[in-house]
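Heads up: the structure comes next, in structure tokens.
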Amino acid sequence: MMRGISIPPVRRTFGFATHARQTGAIAWTSFWTIAKSPAGLVLPAVAMLLVLLVPVVVKAKGMSLLPTTALVLSKLTAPVADNPRHPWVLIPLLIIFWAGELVWRERDAGMGEIADATPVREWVLVLGKFLGLALVLVGWMALLIVAGVLVQMRMGYFAFELGLYLRILFGLQLVDYLIFALLVLVVHAVVNQKQLGYLAALVAYGAILFPSFLGIEHHLLIYGSGPRWFYSVVNGFGPSLGPWLWFKLYWAGWAVLLAIVASLLWPRGPERGWGTRFRLARRRCSRGTARVGAIALAVIVTLGGFLFYHTNVLNRPASRRIERRAEYERGYAKYAGAAQPSVASTRLQVEIYPERRAAEIRGTQRFREPKLRGDRIHPRGHRSRSRDPRSFPRRAGGATLTDDDLGYRVCALEKPRQPGGSPQCRFAVQRAPHDFGNSQNGASGSGW
């Protein structure tokens, strides 16, 4: 007679530790899936080409330049939202391909329904695949450091600045790629059709590259973009990192919100219609998910208002500058043919305050009178908001027109100008930026 075997009770736990192990396993598997694929092997090949080609590019008018770390990095980095003719457009395209392969990996292998039946949370799947893609990009940054050092060694330069490599590649360039990678991963997950996912991701990338075709110019509306960051050997990053960081935090909030949408709409099981997916999304939306979404939304609204105030209130946007030029032409085009004295000599006293990015310019200009008489003078070019009376011509009796917003003045003279005279004008100009604007010396991305 057979006796029964007692099986000890096993408590199944799916707490944070379990989720962390599942996320790590998915991330590592996703990383090796890309790294061992033909598309993953492109990165080491590109790094080898860089070692061969960058020394040829680091030249100015046929003369080789000193391959400092800053100069080499200027050839190795480029933002996602950059000119499409830039060779580094290859990396975002590879990200689009890799994300599609990761989302469809199990289903392409015919194991989609088995994987869907495993006790793995949807957010674990999204986070694990994203971290796997992030590990590939981290590896690419490491390859770029090796390539940059080898380029410098090949050109006989050994003053390596590894700290600068790490700050720019891992602190700036990698962040740009990660924000874009999460967008692409979400697009593939939500579309839920592989080829349509690729098409939708390419359309999204095209909208980032060519926002002007859609009538969009503000960084708050172009995913992942922001003002340029700049680096120089003399001033370092200067004041450019602050605006760049604020915009990246703003887009990080959007990225978290998109990741939540992807986890809620992640397809599982044979039924993948939109009605079914929306019903599942309502069931998956837990209190924790709602709290994270609320925090991300609060970050977006708070930083969005902060950035809008700086870019549209304290600083005029590009559209407003165009309107002001039109207003200037409508109001003062009638003075275009007015005979005015030409500048004969200029003497300037300039005080520069680098810590405030401000400057005060005081000067005197001596003019050469035209061969015409007149009792009006148009002191163009002195758009000073200073109330210093010396900003008016010395011989002026008073201003008959003062437009400080558009920077135009018409002054009446005490005595009519005589041909061949030599009047002079004293002026004072104060220039200081209102923190940062929407376009800080160019489009979004890196700068040198």
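- In this structure, the ring of Trp140 has its center less than 6.0 angstrom from the ring center of Trp88.
- Side-chain contact between Trp229 and Phe237 is present, with at least one heavy-atom pair separated by less than 4.5 Å.
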Which atom pairs, donor and acceptor, lie under 3.5 Å between side-chain atoms of residues 126-139 and protein residues at least two apart or in another chain?
| from | atom 1 | to | atom 2 | distance (Å) |
| --- | --- | --- | --- | --- |
| Lys129 | NZ | Leu102 | O | 2.9 |
| Lys129 | NZ | Glu106 | OE1 | 3.4 |
| Lys129 | NZ | Glu106 | OE2 | 3.3 |

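- By the side-chain contact (heavy atoms from CB on, under 4.5 Å) test, Ile361 pairs with Leu348, Val350, Phe427, Val429, sequence neighbours left out.
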request  = Please report the C-alpha distance between His219 and Thr311 in whole Å, then the side-chain angles of each, then the deciding distance to 0.1 Å, and finally whether the side-chain hydrogen bond (donor to acceptor under 3.5 Å, both in side chains) criterion is met.
outcome  = CA-CA 9 Å; His219 292 313; Thr311 55; over 6 Å; no
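- Using a 4.5 Å cut-off on side-chain heavy atoms (C-beta onward), Val299 and Trp254 make no contact.
- When all heavy atoms are compared, the tightest approach of Leu257 to Gly293 is CD1-O, 3.9 Å.
- Using bins of under 30°, 30° to 60° and over 60° for the plane-to-plane angle, the ring pair Phe306/His310 lands in the tilted bin.
- Under the 4.5 Å side-chain criterion, counting only non-hydrogen atoms from C-beta, Ile208 is in contact with Leu183.
- For Phe213, the CZ atom is loosely surrounded, since the number of other residues' heavy atoms within 6.0 Å does not exceed 12.
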inquiry  = Pair Thr33, Arg105 - check side-chain hydrogen bond (donor to acceptor under 3.5 Å, both in side chains), show working.
reply    = CA-CA 9 Å; Thr33 299; Arg105 176 174 173 268; 3.1 Å; yes
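- Taking the six-membered ring for Trp, Tyr223 and Phe180 have ring centres at least 6.0 Å apart.
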task = Take Glu161 and Arg167, measure what salt bridge (charged side-chain N to carboxylate O under 4.0 Å, His left out) needs, and give me the verdict at the end.
result = CA-CA 10 Å; Glu161 298 178 72; Arg167 279 184 289 168; 5.7 Å; no
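- Counting only heavy atoms from C-beta outward, the side chains of Asn312 and His218 approach each other to under 4.5 Å.
- By the 4.5 Å heavy-atom criterion applied to side chains, Trp104 and Asn192 are counted as neighbours.
- Considering only heavy atoms from C-beta on, Ile145 comes within 4.5 Å of Leu166 through its side chain.
- Judged by distance alone, the side chain of Thr23 and the main-chain N or O of His19 form a donor-acceptor pair under 3.5 Å.
- Two residues are said to be in side-chain contact when any heavy atoms from C-beta on lie closer than 4.5 Å; Tyr198 and Phe97 meet this criterion.
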